[in-house]
Amino acid sequence: MPELPEVETVRQTLKQLVLNKRVKDVSIFWDNIIKRPQDPNDFRAWIQGQELQDINRKGKFLIFHFEDISMVSHLRMEGKFGVYNASLPKPKHTHVIFHFTDGTELRYDDVRKFGTMHLFEKGQEWNEKPLIQLGPDPFDPSFTTEYFYAKLQKTSRLIKSVLLDQSVVAGLGNIYVDEALYKAGLHPERIAKELTYDEASRLKEASTQTIVEAVKQGGTTIRSYLNGQGEMGMFQQQLKVYGKENTGCFGCGNPIIKLKVSGRGTHVCPRCQK
DNA sequence: ACCGCTACCTGGCAGC
DNA sequence: TGCTGCCAGGTAGCGG
């Protein structure tokens, strides 16, 4: 599911469903998802008996606040959280289950098993990886044009690669980067330091607007199945370039093309993006 | 500091 | 119906 708008949608949905529930036990079926503490048995012991008090988000990370600990989780490519009745059978791709005392459970499903979970003592999560290396969210007041332009000035990387760098701005992924670059009229292969202040400003605004609008729409749903929580996103209807190769550009009618930039599939209108 | 490559995993799909 | 290879909303770690 995972760029900022999808993670935010999951956060809001989950909050309605699991707040103030107490964890009775945790089942772990794929150890590699658990990154901290190293031993999954310790993970289980830490979280047992804890009440879930809030769910937050930074970039693409979900932060589950329990009484004494925080759980930081990244969904990577296909991770999903859902709340179910404990009597329902466990699907093939469910790898972690948080059993609550009320007979419901929070399940983590992930076909590719790329997702991660870290536990920290309350408050400590902000001082360590992975959260410590994140830049501001796109709509955070500290994500200013001055900040962004200064970052761009320092690097010769391609602009697409910089937008994907979570330490510069947190939450954009392959879909929204392509959309933001299109909105700003900038080609993904431009050298970051060669952007003018005005172009940096346009791109900063385009990035923020794209993310804000996608959050309003509940994110983008492509390829992924409905997980029963009703959080089907609608932003896919607003996509202008992502997945639109060989269709006419909304601006000029010329075909959108697909290329590889920094190893990622990249969608661009060569006429509108310079 | 950068790039490209590999790894982590599985499944869908195009092409033969 | 296979099989093969490529692709996928992500990121860390490696060597050059």
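We use all heavy atoms of the structure for the numbers below, so side chains are in, but hydrogens, waters and symmetry mates are not.
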For DNA chain C, please output the secondary structure as dot-bracket, reading 5' to 3'. Pairs are Watson-Crick or G-U wobble, both atom distances under 3.5 Å; mark crossing pairs with [ ], other-strand partners with |, unpaired with a dot. .|||||||.|||||||
Taking the six-membered ring where the residue is Trp, are the ring centres of A/F148 and A/Y197 under 6.0 Å apart? no
Within the modelled atom types, does a donor on one side and an acceptor on the other bring the side chain of A/R157 and the base of B/dA1 under 3.5 Å apart? no
Does A/Y242 have its ring centroid less than 6.0 Å away from the ring centroid of A/F235? no
Which listed nucleotide (C/dG10, B/dC8, B/dG11) is nearest to the side chain of A/H93? B/dG11
NZ or CZ of A/K90 within 45° of A/Y84 ring axis and under 6.0 Å: no
Whole angstroms only, please: what is the CD-C1' distance between A/E78 and C/dC7? 12 Å
Residue of the set A/K216, A/K58, A/K60, A/R57 for which salt bridge (charged side-chain N to carboxylate O under 4.0 Å, His left out) holds with A/E8: A/R57
Does a nitrogen or oxygen in the side chain of A/Q166 sit under 4.0 Å from OP1 or OP2 of C/dT11? yes
Over how many whole Å does the gap from A/D109 atom CG to B/dC9 atom P extend? 17 Å
Counting only side-chain nitrogens and oxygens, does A/W30 get under 4.0 Å of the OP1 or OP2 atom of B/dC9? yes
Nearest-Å distance once atom P is located in both C/dT1 and B/dT10: 24 Å
Expressed in whole Å, how much space separates the C1' atoms belonging to C/dC3 and B/dC8? 24 Å
How close or far is atom C1' of B/dG12 from atom CZ of A/R112, stated in whole angstroms? 11 Å
Tell me whether A/K15 is salt-bridged to A/D54, with the criterion being a basic N under 4.0 Å from an acidic carboxylate O. yes
Proximity to the side chain of A/S161 - top-ranked nucleotide from B/dC3, C/dT11, B/dC8: B/dC3
Quick one: label A/G265 by what it contacts on the DNA or RNA (base, sugar-phosphate, nothing), any heavy atom closer than 4.0 Å. sugar-phosphate
Nearest-Å distance for atom pair CZ/P, residues A/R264 and C/dT11: 8 Å
Ring centroid separation for A/H74 and A/F61, is it under 6.0 angstrom? yes
Between B/dC9 and C/dG2, how far is it from one C1' atom to the other, in whole Å? 23 Å
NA contact type, A/T155, heavy-atom cut-off 4.0 Å: base, sugar-phosphate, or nothing? sugar-phosphate
A/T196 and A/D198: side chain donor to acceptor below 3.5 Å: no
Between C/dG10 atom C1' and A/Y242 atom OH, what is the distance in whole Å? 12 Å
Nearest to side-chain heavy atoms of A/P2, which nucleotide of C/dG10, C/dT11, B/dC9: C/dG10
What does A/K92 touch in the nucleic acid at a heavy-atom separation under 4.0 angstrom: a base, only the sugar-phosphate, or nothing? sugar-phosphate
Whole angstrom value for the distance that separates P of C/dG10 from CG of A/L172: 10 Å
Rounded to whole Å, CD of A/E245 lies from P of B/dA14 at a distance of 13 Å
Rounded to the nearest Å, what distance is computed from the NZ atom of residue A/K151 to the P atom of nucleotide B/dC2? 11 Å
Less than 4.0 Å between a side-chain N and a carboxylate O, is that true for A/E128 and A/R36? yes
Determine whether the aromatic ring centres of A/H95 and A/Y108 lie less than 6.0 Å apart. no
DNA chain C: 5'-proximal contact among A/K129 and A/H267 (nearest heavy atom): A/H267
So, are A/D25 and A/R44 salt-bridged, with charged N and O less than 4.0 Å apart? yes
Using a heavy-atom cut-off of 4.0 Å across all strands, would you classify A/K258 as base, sugar-phosphate, or nothing? sugar-phosphate
Looking at C/dT11 and A/F114: do their rings stack (centroid distance under 5.5 Å, interplanar angle under 30°)? no
Using 4.0 Å as the upper bound for N to carboxylate O, is an ion pair formed by A/K240 and A/D178? no
List in numerical order all residues of residues 173-188 of chain A for which some heavy atom is under 4.0 Å away from an atom belonging to DNA chain C. A/G173, A/N174, A/I175
Given C/dT11, is OP1 or OP2 found less than 4.0 Å from the side-chain N or O atoms of A/Q133? no
